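Values in this document were obtained by computation on a predicted structure and should not be read as measured data.
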Amino acid sequence: MTQIFILSGTSWTVPADWTSSNNSVETIGAGGGGETASLSYAGSGGGGGAYSKITNLSLNGGNTIAIQVGGGGLSGAAGGDTWFNGTSISTSSVSAQAGGGGADNSGGSGGASVSGIGETKFSGGNGAALGGPDPWTGAGGGGGAGPQGAGGDGGSPSNQAVAGAGGGGGNGNGTAGGNGDSVTGNGGSGGNGNSGTGGGASDTGSGAGNATTGTGGGGGGGKYATSDDGGNGATGSEFDSLHGSGGGGGVGGGRDFGATEGAGSGGSGANYGGGGGGGGYPRNGATFGGGGVGGQGIIVVTYTPAVSFMITAESRNVLEYDTVCRKDALYAIEFGQSARSDGGLPIEGRGGVRCNTEAPIDFRCVAFRSSWIPIQWAGSAAVIVNALFQLEAAASLRRDTLALDEITAGTSRKAIGPTEWLATEAIGAEVAVEHLGRCRVDPALLSESRILLARDLQLRLEFLAAPGDEALLALESLTSGISISADCPFYWEWADPPSLLLVAGERLLRSPGRVRILAGPDSIHPLRGQ
Amino acid sequence: MRIATPFAPIEVGETDYFAFDFTPDVGAATIVSTSWTCAQGPYEMAIDPAPQSRVLSVSPQTAILVRSPVDGSLQTRTGVFSVGLIGSMPVSAAGGTYILEATANLSDGRLLKLNATVQCNPTGS
């Protein structure tokens with residue numbers, strides 16, 4: 001499986017190995033920004049982005065499609081919607097709405113699932129409102145929705161003048177942020193992420209805590225009557241260790257009577273889709289706590305790469321070729337290919353790999369292409385001729401490291417008498433090598449086998465096998481145990497040698513031989529009677 | 001050198017390989033190049049305005065296929081051969097006799113020649 005994270009841009013090129021029958025595309029809208037406190041209100045939280053997913057989207061490899069990855073909302077502003085293969089949230093293959101920005105006594109709405117497009121959809125958490133004009137501390141941002149569920153809502157001071165700030169909501173399937181405590185003035189705890197942990201600690205006098213990395217938790221809220229900033233939300237790990245739905249930001253603490261300092265700022269919503277926390281209200285009436293920014297959106301593309309294997313050959317002889325490979329390790333893999341030609345016409349064979357599990361498979365092979373295709377091949381091959389005589393040949397090429405190439409070839413003939421030919425050669429990586437073997441048996445029943453391997457410093461490999469036999473004989477080739485994985489350039493070519501000329505016996509005349517050595521003067525000659 | 005035995009007759013319009021086997025003469029040498037001439041025999045009544053054009057192609061070979069007279073199977077015969085593709089005799093040449101001569105340039109500097117006659121028969125004879 002290949003997984004691609006798209007974090008920016010307005011277009012995307014579909015990979016050449018795209019498969020429309022085995023893929024998924026997931027989107028998360030950006031989080032809204034928390035509100036900066038004003039003379040009228042402390043700041044409210046921004047909403048979290050929504051989540052949408054589709055599977056088996058039909059696309060053509062190599063095409064370029066339009067996308068948008070929503071940017072996180074700045075203070076008080078909504079985030080950007082995220083969509084894939086289209087030009088708007090409503091005219092695309094899959095899309096997710098962004099969270100709204102926090103406003104006066106009004107938390108930003110979480111991105112609505114119904115506004116997006118997809119087979120699986122969840123809404124973002126709502127940013128919390130203050131509940132009235134009394135609180136000095138702000139309200140928490142909502143968490144971004146993720147593949148496991150909706151985002152948690154932000155926590156609120158609930159219109160209590162002395163309450164602490166609310167915590168940020170957790171990410172998809174996380175919990176809501178805690179409300180501020182109106183008795184102790186402590187901030188609310190951040191909501192836990194989808195795994196059930198990770199919410200940032202509330203501020204009890206020593207500062208608000210950030211959410212734990214990788215959990216998707218929300219940030220903790222600041223304490224009343226402090227200048228502490230709210231804790232930041234954390235990115236979840238639903239997609240991988242660095243990518244997931246984001247928790248909402250905590251809220252900055254406020255300051256009231258008896259102090260002159262400014263208020264704390266709201267924590268940032270985490271990537272991807274977390275809403276920002278609101279800012280606190282300051283005692284000095286001048287340094288208002290800023291709203292935390294929302295986390296940006298994301299597109300996650302997951303697909304199983306297409307694989308192919310092609311052999312093209314031309315032969316004047318009848319040719320049958322069949323390969324079967326099976327790997328029964330932790331996961332069963334089957335590979336099969338067959339090609340057949342009745343002669344005279346070029347043949348073309350295609351094969352593939354089938355895997356019924358989610359185990360990653362990296363398989364690429366193209367033969368008879370002039371381009372430099374990275375291929376490694378290891379296995380064995382056998383050629384059997386069943387005509388006037390039986391010929392068996394086997395060859396294997398293996399390359400384990402950059403320092404060693406090894407080729408082994410062998411032929412055996414079972415007719416008048418057994419003949420065997422074997423060759424093994426190990427090749428150093430920095431030396432150009434050519435290996436040529438030739439086997440000939442019985443002048444009356446000629447059989448030739450040639451194998452050529454050339455390797456130079458550019459890692460160019462050429463493999464030429466030319467089994468020769470009397471014309472119009474049927475050839476069968478069987479191969480087993482073939483494994484191909486991408487690593488080094490490889491060029492493979494296989495061709496038949498020219499056939500022998502057929503001459504009728506009555507149109508073949510043999511010289512009687514020429515004798516031009518005359519007898520010497522001292523030699524015995526019957527005509528001279530000596 | 002003239003070989004007493006002629007080639008099997010060729011029909012008007014037929015094209016086939018003819019071969020001279022130089023094996024007994026070349027020893028350890030090999031044929032570097034070969035050429036053929038085709039001419040009508042003396043006092044011929046049949047007419048071929050361009051007998052040399054009946055030599056379509058020539059090549060030296062170290063192995064050829066010959067069908068066994070015993071069981072009809074193809075057998076590979078190794079040696080030193082000069083093979084010519086001869087044919088496309090005109091109707092006016094029917095009943096006449098050609099003289100085919102092969103020249104072999106050997107790797108040891110010798111130049112050997114072998115020739116033989118081949119009769120041209122009408123189509124279907």
Side-chain angles (χ1 to χ4, degrees), chain A residues 315-318 343-344 383 385-391 393 411 413-417 419 421 436 438-450 466-475 496-518, chain B residues 1-10 14-27 31 57-87 100-102 104 106 110 112-119:
Chain A
S315 173
R316 285 171 291 182
N317 299 329
V318 176
V383 177
V385 177
N386 289 319
L388 297 178
F389 56 89
Q390 185 176 24
L391 173 68
T411 59
R413 176 180 172 276
K414 298 175 182 176
I416 298 174
T419 301
W421 177 76
L436 176 63
R438 181 187 178 101
C439 176
R440 171 180 287 190
V441 293
D442 195 291
L445 299 173
L446 177 62
S447 175
E448 292 184 0
S449 175
R450 289 184 296 167
D469 61 278
E470 295 175 344
L472 301 179
L473 298 182
L475 294 180
D496 285 336
S499 301
L500 298 178
L501 298 178
L502 175 61
V503 179
E506 59 271 22
R507 285 174 176 164
L508 169 62
L509 296 180
R510 184 179 178 86
S511 169
R514 307 157 195 253
V515 179
R516 288 176 175 167
I517 302 175
L518 300 179
Chain B
M1 173 179 283
R2 184 72 169 267
I3 299 178
T5 304
F7 285 116
I10 187 171
E14 182 186 9
T15 299
D16 196 9
Y17 286 110
F18 289 73
F20 286 108
D21 185 354
F22 284 89
T23 306
D25 302 324
V26 297
I31 296 180
S57 66
V58 300
S59 63
Q61 299 287 334
T62 56
I64 59 176
L65 293 178
V66 179
R67 192 169 297 281
S68 169
V70 178
D71 59 5
S73 63
L74 289 177
Q75 296 183 347
T76 300
R77 181 171 298 180
T78 58
V80 181
F81 306 95
S82 176
V83 181
L85 183 61
I86 308 297
L100 298 176
E101 181 173 84
L106 304 186
R110 288 183 292 157
L112 302 182
K113 292 178 180 290
L114 288 175
N115 57 41
T117 60
V118 57
Q119 185 173 351

Pair A:Ser511, B:Leu112 - check side-chain contact (heavy atoms from CB on, under 4.5 Å), show working.
CA-CA 11 Å; A:Ser511 169; B:Leu112 302 182; over 6 Å; no
When the 4.5 angstrom heavy-atom criterion is applied to B:Ser68 and chain A, the contacting part is neither
Mind checking whether B:Leu114 and A:Leu509 have side chains closer than 4.5 Å, heavy atoms only?
no
Atom CZ of A:Arg507 and atom CZ of B:Phe7: how far apart are they, to the nearest 0.5 Å?
9.5 Å
Taking only residues two or more places apart in sequence, or in another chain, which ones meet B:Val58 in a side chain to side chain contact (heavy atoms under 4.5 Å, CB included)?
B:Thr34, B:Trp36, B:Val55
What part of B:Ile64 lies closer than 4.5 angstrom to a heavy atom of chain A: side chain, backbone, both or neither?
both
Return yes if some donor-acceptor pair links the side-chain N/O of B:Arg67 with the main-chain N/O of A:Val503 below 3.5 Å, else return no.
no
Euclidean distance, B:Thr62 OG1 relative to A:Leu500 CG, rounded to 0.5 Å:
8.0 Å
Pick one: which of B:Phe18, B:Phe81, B:Tyr17 meets side chain to side chain contact (heavy atoms under 4.5 Å, CB included) with A:Leu508?
B:Phe81
Quick one: of B:Leu85, B:Asp21, B:Ile86, B:Thr23, who has the most non-hydrogen atom pairs under 4.5 Å with chain A?
B:Asp21
Atom group of B:Val66 that falls short of 4.5 Å from chain A, counting heavy atoms:
both
Who are the side chain to side chain contact (heavy atoms under 4.5 Å, CB included) partners of B:Pro6, not counting sequence neighbours?
B:Thr117
